[in-house]
Amino acid sequence: MFMWTATHMLLKRLAVVGRYLEDHQSEVLTIQQVSDLTKDSDTFQAVLQKAEQNKEIGNDYYRDHLWNQAIEMYTKAIDISPPGDDHKCVYYCNRAACYNQLEQYDKAVDDCTVALDFNPKFFKALYRRAQAYDGLGNNHKAISDLQSLLEKTPQNVQARQFLDKLLSCNR
């Protein structure tokens, strides 16, 4: 995890400097100028890293079946995650998994919907929302989500089995 973050931070810095040099082709930058240019990028990366740390702590709580503590950590990750954080959908989806475990299905549906707004191709959110709809007794919406998921990932055995179960219950 740390190596990925460090590499990502370096690539972000290089991208910022590269964009600057495109506009100022004849300039040679000093170390201080590079530092000044990338200061905001470093702050952004530090916040991203803190959000990821909160998510990882939430994951540990989730594995230990400490749903409320996990929700708290995923909420912290959501709250500090800056605009443009590609992982925000994961934080919402993970929190939804906790809500499903606590049978707070309305909250799970809401979080999965937000996750899908951030990333419509985040199929785990579609699956978890189907679980929540099933928990709410809304088989029609659960079936719709699973059918949508299977259109995009037909090899998803878990979704296929869940859909077959729901369809057999509706007969």
Side-chain angles (χ1 to χ4, degrees), residues 1-9 11-12 40-153 155-167 169-170:
M1 177 65 188
F2 174 75
M3 186 61 146
W4 178 89
T5 303
T7 303
H8 190 62
M9 287 173 62
L11 290 173
K12 286 279 192 180
D40 288 342
S41 178
D42 290 347
T43 302
F44 180 79
Q45 290 303 318
V47 172
L48 287 179
Q49 189 172 5
K50 183 62 179 167
E52 275 296 304
Q53 288 170 347
N54 286 329
K55 181 199 84 167
E56 291 302 323
I57 294 168
N59 289 351
D60 291 340
Y61 284 135
Y62 185 89
R63 278 189 288 279
D64 292 338
H65 304 275
L66 299 169
W67 317 123
N68 289 313
Q69 290 90 332
I71 287 169
E72 183 179 324
M73 296 313 296
Y74 296 136
T75 301
K76 284 183 180 182
I78 290 165
D79 290 345
I80 68 169
S81 176
D85 181 358
D86 295 337
H87 296 123
K88 193 171 266 198
C89 62
V90 174
Y91 311 148
Y92 276 101
C93 190
N94 287 4
R95 190 170 71 175
C98 296
Y99 286 137
N100 275 340
Q101 292 293 333
L102 293 169
E103 298 180 3
Q104 296 178 10
Y105 301 118
D106 287 327
K107 290 180 179 180
V109 167
D110 292 344
D111 273 3
C112 288
T113 301
V114 171
L116 289 164
D117 288 342
F118 279 110
N119 182 355
K121 294 181 180 179
F122 191 44
F123 303 131
K124 190 180 280 190
L126 206 51
Y127 185 83
R128 287 187 177 155
R129 189 170 70 179
Q131 290 176 311
Y133 280 138
D134 180 46
L136 289 169
N138 193 335
N139 284 0
H140 177 72
K141 286 186 177 182
I143 289 168
S144 176
D145 275 356
L146 290 169
Q147 287 172 332
S148 178
L149 175 59
L150 287 166
E151 284 173 16
K152 297 165 187 156
T153 60
Q155 74 285 0
N156 189 322
V157 175
Q158 190 177 17
R160 169 66 53 207
Q161 290 172 343
F162 189 18
L163 178 62
D164 290 345
K165 176 187 145 229
L166 291 176
L167 290 173
C169 290
N170 279 349

Name every donor-acceptor pair, under 3.5 Å, that has one atom in a side chain of residues 109-118 and the other anywhere in the protein, sequence neighbours excluded.
residue	atom	partner	partner atom	Å
D111	OD1	R95	NH2	2.9
D111	OD2	R95	NE	2.6
D111	OD2	R95	NH2	3.3
T113	OG1	V109	O	2.8
T113	OG1	R129	NH1	3.2

Just by modelled atom types, is the I80 backbone N or O under 3.5 Å from a matching donor or acceptor in the K50 side chain?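 Not at all, since once roles are kept as given, no pair shorter than 3.5 Å links the two residues.
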Find the distance between [atom1] ([X]) and [atom2] ([Y]) and round it off to the nearest 0.5 Å.
| X | Y | atom1 | atom2 | result |
| --- | --- | --- | --- | --- |
| I143 | S148 | CD1 | OG | 13.5 Å |
| N119 | K124 | CG | NZ | 12.5 Å |
| Q101 | I71 | CD | CD1 | 10.0 Å |
| L150 | F162 | CG | CZ | 11.5 Å |
| M73 | Y61 | CE | OH | 6.5 Å |

Going by heavy atoms in the side chains, are [X] and [Y] under 4.5 Å from each other?
| X | Y | value |
| --- | --- | --- |
| N139 | Y133 | no |
| N94 | R128 | yes |
| D134 | K165 | yes |
| K141 | D145 | no |

Taking all non-hydrogen atoms of both residues, which atom of L146 and which atom of L166 are closest, and how far apart? CD1-CD1, 3.6 Å
Over all heavy atoms of both residues, which pair between K55 and A77 is shortest? Give the atoms and the distance, please.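 Scanning both residues, the minimum pair turns out to be N-CB, 4.2 Å.
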Any chance OH of Y105 has more than 12 other-residue heavy atoms, nucleotides or ligands included, within less than 6.0 Å? yes
Crowding at CG, D64 (>12 non-hydrogen neighbours, <6.0 Å):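 Buried by this count: over 12 neighbours within 6.0 Å.
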side-chain contact (heavy atoms from CB on, under 4.5 Å) between L102 and N68, intermediate numbers included: CA-CA 9 Å; L102 293 169; N68 289 313; 3.4 Å; yes
Please report the C-alpha distance between W67 and H65 in whole Å, then the side-chain angles of each, then the deciding distance to 0.1 Å, and finally whether the side-chain contact (heavy atoms from CB on, under 4.5 Å) criterion is met. CA-CA 6 Å; W67 317 123; H65 304 275; 3.2 Å; yes
Using 30° and 60° as the class limits, which term best fits the ring planes of Y91 and H87: parallel, tilted or perpendicular? tilted
Just checking Y62 against Y74, ring centres under 6.0 Å apart? no
With salt bridge (charged side-chain N to carboxylate O under 4.0 Å, His left out) as the test, would you mind laying out the steps for D79 and K76 before giving the verdict? CA-CA 5 Å; D79 290 345; K76 284 183 180 182; over 6 Å; no
May I have the step-by-step check of side-chain contact (heavy atoms from CB on, under 4.5 Å) for R160 and N156, ending in yes or no? CA-CA 6 Å; R160 169 66 53 207; N156 189 322; over 6 Å; no
